[in-house]
Amino acid sequence: DGITSTRCKGGASKNMAYRDLDQETFMRNNAASQQRAAESQFDYWKPKVAPAGQPHARNVFRLMPPHENMTDAIIETKIHWALGPDGKSAIPCRAYFSTPADPKTCAACAHVNNLYAAARNAQDPVEKAELEKQARSQKAKYRFYANIVDMDHPDQGVQRYAFSRMEEPLLRSCFFDDDQKFRNVTHPQTGRDIIMMAVKQDAKTDFNEYPSVRPKETPSALRDMGWLDAIHDLSELTQEPTEQQVLDAMAGKKRGAASAQASAQ
């Protein structure tokens, strides 16, 4: 059964049972680990966005159904961005996972609160502005993820799409018809492609506007049913970190999931 005991000096048996490593299980888990590491390096899909004042850029994509480990096609979490000495580390916020029965402490939240407090007490306007800017950039922000296929480039297959609170309700509205009846736009056979128009708010900002996000009027089946086997398990991006992992991110040490989220910023 793989259970082994050891003997102490003098021949006395000591009850220190352990199990021999099951190589098959290890190799299977190692393969999954390597796959997660590879996925953390994936590029995230970004919509085409027209410059401010120009005609809106048109994007057409298919929102894919959830991976078997997901309960929704759109995954939600909160992320602390711009952490570390180089400002390139990111980590999920531990406080996001709090419940009344199980409150969580978050070192990154405490750090942000300290920055805001320092800004309030700062006498130098330049220092005050810099501290407020740093606090805003590192404050936890909602982030959403979905699997999509860009219908302008279907050869690229299933891609990850990371987006903000602005796009999330617009995408969810596509699940309802004109009478506010639910329709599953992610269904492989009867779903619908989504048309997203995008333009920059103005030339001085990176923020976008989405004046129109709607499903196509006609339902359609997936062009390639093989895409269903390529859906990413996005729930891995929203796992609760340990307090030590948050501290590591604040020190600039990146982990796989955090690197994936940072690349989607």
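The chain is numbered in sequence order, starting from 1.
- By the salt bridge (Lys or Arg N to Asp or Glu O under 4.0 Å) test, Arg94 pairs with Glu240, Glu243, sequence neighbours left out.
- Residues forming a salt bridge (Lys or Arg N to Asp or Glu O under 4.0 Å) with Glu76 (at least two apart in sequence, or on another chain): none.
- Annotation for Pro66 and Ile231: closest pair C-CG2, 4.3 Å, computed over non-hydrogen atoms.
- At a threshold of 4.5 Å between side-chain heavy atoms, the hydrophobic network of Ile, Leu, Val, Met, Phe, Trp and Tyr places Val49 and Leu170 in two separate groups.
- Here CZ of Arg143 is found 13.0 Å from CZ of Arg165. Values are rounded to the nearest 0.5 Å.
- Here the side chains of Arg183 and Arg192 are in contact, with some heavy-atom distance below 4.5 Å.
- The OG1 atom of Thr242 sits 7.5 Å away from the CG atom of Asp248 when rounded to the nearest 0.5 Å.
- Remark: Thr190 engages His187 in a side-chain hydrogen bond (donor to acceptor under 3.5 Å, both in side chains) (not counting sequence neighbours).
- In terms of modelled atom types and a separation under 3.5 Å, the side chain of His67 and the main chain of His232 share no donor-acceptor contact.
- For Asp72, the salt bridge (Lys or Arg N to Asp or Glu O under 4.0 Å) criterion is met by Arg172, not counting sequence neighbours.
- Note: Trp45 and Phe61 have tilted aromatic rings, judged against thresholds of 30 and 60 degrees for the angle between ring planes.
- For the residue pair Ala119 and Lys128, the shortest heavy atom distance occurs at O-NZ, 3.0 Å.
- Glu217 CD: 12 or fewer foreign heavy atoms inside a 6.0 Å radius.
- Rounded to the nearest 0.5 angstrom, Phe97 CZ and Cys106 SG are separated by 10.0 Å.
- By the 4.5 Å side-chain criterion applied to Ile, Leu, Val, Met, Phe, Trp and Tyr, Leu115 is assigned to a cluster that also includes Leu131.
- Residues passing the side-chain contact (heavy atoms from CB on, under 4.5 Å) test with Asp179 are Asp177, Lys181, sequence neighbours excluded.
- Between the CG atom in Asp233 and the CG atom in Asn69 there is a gap of 4.5 Å [rounded to 0.5 Å].
- Of all the heavy atoms in Ala50 and Pro55, the pair that sits closest is CB-O, 2.9 Å.
- Every residue meeting the side-chain contact (heavy atoms from CB on, under 4.5 Å) condition with Ser212, not counting sequence neighbours, appears here in chain and number order: Met197, Arg214.
- Counting only distance, with no hydrogens or angles, the side chain of Gln180 and the backbone of Asp178 share no donor-acceptor pair below 3.5 Å.
- The shortest non-hydrogen separation linking Pro154 to Val149 is CA-CG1, 4.2 Å.
- Between Pro92 and Gln239, the shortest heavy-atom distance links the atoms CG-O, 3.9 Å.
- A donor-acceptor distance shorter than 3.5 angstrom exists from the side chain of Lys141 to the backbone of Lys139, with no hydrogens or angles considered.
- The CD atom of Glu236 sits 11.0 Å away from atom CE of Met70, with the distance rounded to the nearest 0.5 Å.
- A 4.5 Å side-chain heavy-atom check between Arg223 and Met151 finds at least one atom pair inside the cut-off.
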Start with the C-alpha gap between Asp193 and Ser220, add the side-chain angles, then the distance that decides, and say whether side chain to side chain contact (heavy atoms under 4.5 Å, CB included) holds.
CA-CA 8 Å; Asp193 295 346; Ser220 61; 4.3 Å; yes

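- In plain terms, the two heavy atoms of Ala90 and Ala249 that are nearest each other are O-CB, 4.4 Å.
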Evaluate side chain to side chain contact (heavy atoms under 4.5 Å, CB included) for Lys200 paired with Asn208, printing each intermediate quantity in order.
CA-CA 4 Å; Lys200 289 289 182 187; Asn208 304 329; 3.2 Å; yes

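- One hydrophobic cluster, built from ILVMFWY side chains closer than 4.5 Å, cannot hold both Ile195 and Ile74; they sit in different ones.
- Counting only residues at least two apart or on different chains, the salt bridge (charged side-chain N to carboxylate O under 4.0 Å, His left out) pairs with a member in residues 144-157 are Lys48-Asp152.
- At least one side-chain heavy atom of Val60 sits less than 4.5 Å from a side-chain heavy atom of Lys216.
- Under the 3.5 Å distance criterion, the side-chain polar atoms of Ser98 are matched with a main-chain donor or acceptor of Lys104.
- Cluster membership check: Val158 does not share its hydrophobic cluster with Tyr44, using side-chain heavy-atom separations under 4.5 Å among Ile, Leu, Val, Met, Phe, Trp and Tyr.
- The side-chain hydrogen bond (donor to acceptor under 3.5 Å, both in side chains) test applied to Thr105 returns no partner, not counting sequence neighbours.
- Legend: residues meeting salt bridge (Lys or Arg N to Asp or Glu O under 4.0 Å) with Lys133, ordered by chain and number and at least two apart, are absent.
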Before giving the answer on side chain to side chain contact (heavy atoms under 4.5 Å, CB included), spell out for Gln134 and His111 the whole-Å C-alpha distance, their side-chain angles and the decisive distance to 0.1 Å.
CA-CA 10 Å; Gln134 184 180 353; His111 170 67; 4.1 Å; yes

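- Under the side-chain contact (heavy atoms from CB on, under 4.5 Å) criterion, Gln201 pairs with Met166, Thr205, Phe207, Glu209, sequence neighbours left out.
- Atom CD1 in Ile194 sits 5.0 Å away from atom CG in Leu63 (nearest 0.5 Å).
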Between Arg160 and Leu237, is the side chain to side chain contact (heavy atoms under 4.5 Å, CB included) condition met? List the steps.
CA-CA 11 Å; Arg160 299 170 183 232; Leu237 297 177; 3.4 Å; yes

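- In this structure, Leu228 and Pro65 have side chains that are in contact, with non-hydrogen atoms separated by less than 4.5 Å.
- With sequence neighbours excluded, the residues that form a side-chain contact (heavy atoms from CB on, under 4.5 Å) with Thr99 are Ala101, Asp102.
- Taking hydrophobic clusters as Ile, Leu, Val, Met, Phe, Trp and Tyr residues chained together by side-chain heavy-atom distances below 4.5 Å, Val199 does not share a cluster with Met196.
- The aromatic rings of Tyr142 and Tyr96 sit perpendicular, their planes meeting at an angle over 60°, well past the 30° parallel limit.
- Between Met64 and Leu222, some side-chain heavy-atom pair lies under the 4.5 Å cut-off.
- With hydrophobic clusters built from ILVMFWY side chains whose heavy atoms lie under 4.5 angstrom apart, Ile148 shares a cluster with Phe144.
- Taking the six-membered ring where tryptophan is involved, the planes of Phe163 and Tyr161 are tilted, since the angle between them lies from 30° to 60°.
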